[in-house]
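Some notes on the structure that comes next.
Because only heavy atoms are used, hydrogens play no part in the values below, and waters and symmetry mates are left out as well, while side chains stay in. The sequence lines fix the lettering, A, B, ..., with proteins before strands; numbering per chain opens at 1.
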Number of protein chains: 2
Amino acid sequence: MTAEKTPGRKRRGAGRVTLNTVAKQAGVSAITVSRYFNQPEQVSPERRERIAAVVNELGYVPNLVAGGLASARGKIVAMVIPNISGPIFANTIQGFSDTLSRHGYQLLLASSYFSLEQEENAVRAFLGWSPAALVLTSHFHSAGTEKMIAETDIPVIETWDYQPERDPVQIGFSHYEVGVAAARYLHGKGYRRIAFVQNSAAGDLSALERRDGYTATILELGLEPWVFTPDADRAPFEAGKQAMDALMNAALRPDAIIFANDNLAAGGLLAGQRAGLKVPEGCAVLGFGDYPFAEMLLPSLSTIKPPALEMGVMAATRVLESLGELPVEHEVSRLNLLECLLIERESA
Amino acid sequence: MTAEKTPGRKRRGAGRVTLNTVAKQAGVSAITVSRYFNQPEQVSPERRERIAAVVNELGYVPNLVAGGLASARGKIVAMVIPNISGPIFANTIQGFSDTLSRHGYQLLLASSYFSLEQEENAVRAFLGWSPAALVLTSHFHSAGTEKMIAETDIPVIETWDYQPERDPVQIGFSHYEVGVAAARYLHGKGYRRIAFVQNSAAGDLSALERRDGYTATILELGLEPWVFTPDADRAPFEAGKQAMDALMNAALRPDAIIFANDNLAAGGLLAGQRAGLKVPEGCAVLGFGDYPFAEMLLPSLSTIKPPALEMGVMAATRVLESLGELPVEHEVSRLNLLECLLIERESA
DNA sequence: ACTAATGATGTTAGCGCTACCAAAGCGCTT
DNA sequence: AAGCGCTTTGGTAGCGCTAACATCATTAGT
């Protein structure tokens, strides 16, 4: 029944079901079918019904690429995140994606592995899809990325950090304050030789801010900062073991250790236990991230829980608000500071 | 310098930098600039250089939406996965995404939460973006989804399972055989009262296949199957605890337990330990998934590791091959059976 | 030297959809 | 009865790009 009468040379999308096919079949104009999908309330009920029947019969799927081109805004949102499989970022992605998909937006995702160059490439490619919004992680970007986000007119959101003086919408928390809180908490518990174990993964610049918060606070408390840096090429779990072994063999052992994340902390915990160390009596252990296994360890791991899921949901909410898909509560704020939660378990 | 001379009424994408802007500025035709991006080897070096300079100066970013419409194939690949934040699927996504992005393809991602309806919605929306390929999880789909994947002409790949008789490309492993292997392994170790703890999450149909493999094998070995199903509304970790408590209070305790996944197993392990149970002497524990924390537990968790990352990489490879982006090794096979690995640690 | 083959570049016509306007239909007021 | 505002519908002209073909310059072949 596909009556192709075009005589000439060019026939690319032959015989595909398009808006026009549906329109003809339903006896309405193309634009009406378009409205049926985008502003159904503007189409009379009878036509809606007729169009629905035809759509169903033909199995028509709207071509969003064409729609995106015509309207210059696709229902798609781009996100670049350091890595997808990390236990914490995953929650942010999930919260973001789910909130968006409830409103018919799709997620375009890429990981940067903390590489600014990879981030830039991803952003460039994404902008070519003219997404409705762009979500990045942290405020550390290459010059090229900065240029692009300054020039684009779509909303840009930065998560997982919080820099009041920056221009894009900020949804995050202060890593520096996390370092401060960790040091103060252990100090309050009576610990005095508090060490900090750095992230072995290069490029995680936010982790350095946590360390800086720690260092500053320790000095302020009149104690001595003590930062241990594992070998850069070790996996986090192994790096944690290395750190614990090294610290326990030091002349003057620490009585508490802050690990830059829970993976490191778990490694430290296990190495300590295998060496007969009692936690927290012999040495307290505090992590960061509240990874899913933190409560599964023995002793369970005290840690600082970042608002990972909340950031994803809030990022999506801000995006939807600025697209007019969601009523704006209060006033869209450029600065959204969320709180971390210190979860006190057995290890500290 | 943006000389707009169009007199008429419609001006939508006003003053945006397009292919044409670049072309004029560089003194070449639009198609040459297009070639510069898509088949650079067809453009002479001098022009390449000139175009590169202009692109850089204007900060031009190709509009992939327009390109996708014109060429009827966007450099985008869609994936639907049960959930993004699960520790195992995350690896598949990561492997998939990374392999693709190395070839300039972007990832469109959605999660279905094991809901066939949500999967169908995601697939429908994705097809509208005319992706280069579509990747799904498992072979359980709604009728609507089946219809769409039958009618579309883009490659469809199913991962995380393996059904030889199905049409789409299969990349996965046999869940049934995992159940068989788990039962055999414990039997070989001398255990005789082997229980199986089901997944509390409804909708994970693959988990049921693992159970079936277990049941069949246990019967074949002349033992008695024993399947425990936790309350459906419990989080996995809690469900594992519940299962362990219940099984340990049974009249005749099991001497080994297979948990449908590592989260359940971790809960079981912890509940057992808190109750003074020695693992594996009192009761062996075997998980599934090799979640990152499996080696961090005490005792470390024996488990079956699915080829999560490999499936992602292989899915991407097959996609790229069928798009002609990658030389085809051997012959593109529709059936790709990968192996799980039983990782023997301390718990079983 | 003349034609054929090759490679680089340009011209034209859409891809399938929506923005923009215009117009028609309807109930109501004055 | 004419005018007004409102809703519903349709016609037209692109959105920015690339496929397909056409053209031109260059080189090779006899």
Side-chain angles (χ1 to χ4, degrees), chain A residues 4 6-24 26-51 55 58 60-76 127-130 132, chain B residues 4-24 26-51 55 58 60-76 127-130:
Chain A
E4 278 295 328
T6 332
R9 39 202 246 271
K10 303 182 188 184
R11 275 283 52 85
R12 281 183 279 181
R16 198 195 305 286
V17 180
T18 74
L19 245 201
N20 262 302
T21 323
V22 176
K24 271 178 204 155
V28 298
S29 73
I31 190 75
T32 303
V33 180
S34 168
R35 289 200 185 101
Y36 163 78
F37 281 104
N38 299 309
Q39 300 113 23
E41 71 283 356
Q42 287 189 24
V43 178
S44 66
E46 314 95 66
R47 275 168 216 248
R48 274 213 285 262
E49 218 167 293
R50 192 141 91 256
I51 293 172
V55 164
L58 297 178
Y60 170 68
V61 178
N63 184 329
L64 301 176
V65 180
L69 178 59
S71 67
R73 55 193 159 78
K75 290 199 128 194
I76 205 172
L127 287 182
W129 285 100
S130 62
Chain B
E4 279 295 328
K5 59 171 203 280
T6 333
R9 36 204 250 271
K10 305 183 185 182
R11 276 281 54 84
R12 282 184 277 182
R16 198 193 305 286
V17 181
T18 75
L19 245 202
N20 263 303
T21 323
V22 176
K24 271 179 203 153
V28 299
S29 73
I31 193 72
T32 303
V33 180
S34 170
R35 290 200 185 101
Y36 164 79
F37 282 104
N38 300 309
Q39 299 113 22
E41 71 284 356
Q42 287 189 24
V43 178
S44 65
E46 313 95 65
R47 271 164 219 250
R48 274 214 286 264
E49 218 168 292
R50 190 141 89 256
I51 293 171
V55 164
L58 297 178
Y60 169 69
V61 177
N63 184 329
L64 301 176
V65 180
L69 178 60
S71 68
R73 58 196 155 79
K75 290 200 124 192
I76 204 170
L127 286 182
W129 285 100
S130 65

Self-check item: Residue B/Leu69, side-chain atoms from C-beta onward, closest of C/dC15, C/dG10, C/dC21
Solution: C/dC15
Self-check item: Full working for side-chain contact (heavy atoms from CB on, under 4.5 Å) between A/Arg48 and A/Arg50
Solution: CA-CA 6 Å; A/Arg48 274 213 285 262; A/Arg50 192 141 91 256; over 6 Å; no
Self-check item: Rounded distance (Å) that lies between atom P of C/dC20 and atom CD of A/Gln39
Solution: 12 Å
Quiz item: Okay, side chain of A/Ser71, backbone of A/Gly67: is any donor-acceptor separation there less than 3.5 Å?
Solution: yes
Quiz item: Out of C/dG16, C/dT18, C/dT9, which nucleotide sits closest to the side chain of B/Ser44?
Solution: C/dT9
Quiz item: Which part of the nucleic acid, if any, lies within reach of B/Val43 when heavy atoms closer than 4.0 Å are counted: base, sugar-phosphate only, or nothing?
Solution: sugar-phosphate
Quiz item: Out of C/dC17, C/dG14, D/dT9, which nucleotide sits closest to the side chain of A/Thr32?
Solution: D/dT9
Quiz prompt | Nucleotide of C/dG14, C/dG10, D/dG11 approaching A/Ile31 most closely (side-chain heavy atoms) | solution = D/dG11
Quiz prompt | Candidates C/dT9, D/dG10, D/dA19 - which lies nearest the side chain of B/Ser71 | solution = D/dA19
Exercise. Starting from P on D/dC17, measure out to CZ on B/Arg16 and report it in whole angstrom.
Key: 10 Å
Quiz item: Between C/dG10 atom P and B/Gln42 atom CD, what is the distance in whole Å?
Solution: 13 Å
Quiz item: Touch check for B/Arg73, heavy atoms < 4.0 angstrom, all strands: base, sugar-phosphate only, or nothing?
Solution: sugar-phosphate
Practice problem: Nearest whole angstrom, please: distance from the P of D/dG16 to the CG of B/Leu64. | Solution: 14 Å
Self-check item: Closest contact, heavy atoms only, A/Val65 versus B/Ser130
Solution: CG2-OG, 3.7 Å
Practice problem: Specify the separation, in whole Å, of atom CG of A/Asn63 and atom P of C/dG14. | Solution: 18 Å
Practice problem: Select one nucleotide: of D/dC17, C/dG16, D/dT9, the one nearest the side-chain heavy atoms of A/Thr18. | Solution: C/dG16
Self-check item: Separation of atom CG in A/Leu19 from atom P in D/dG14, rounded to whole Å
Solution: 20 Å
Quiz item: Counting side-chain heavy atoms from C-beta on, which of D/dG16, D/dG10, C/dT9 comes nearest to A/Val28?
Solution: D/dG10
Self-check item: Pairwise side-chain contact, B/Ile76 with A/Trp129, heavy-atom cut-off 4.5 Å (strictly under)
Solution: yes
Exercise. For B/Glu41 and for A/Arg35, find the nucleotide of DNA chain C with the closest heavy atom, then tell me which residue's nucleotide is more 5'.
Key: B/Glu41
Quiz item: For C/dT18, does OP1 or OP2 lie under 4.0 Å from any side-chain N or O of A/Asn38?
Solution: yes
Quiz item: With distance as the sole test, does B/Arg35 use its side chain to make a donor-acceptor pair with the main-chain N or O of B/Pro40 at under 3.5 Å?
Solution: no
Quiz item: In whole Å, what is the span from the OH atom of B/Tyr36 to the P atom of C/dT9?
Solution: 14 Å
Quiz item: Does A/Ser34 place a side-chain N or O at less than 4.0 Å from the phosphate oxygens OP1/OP2 of C/dT18?
Solution: yes
Quiz item: Expressed in angstrom and rounded to an integer, what is the separation of B/Ile51 atom CD1 from C/dG10 atom P?
Solution: 9 Å
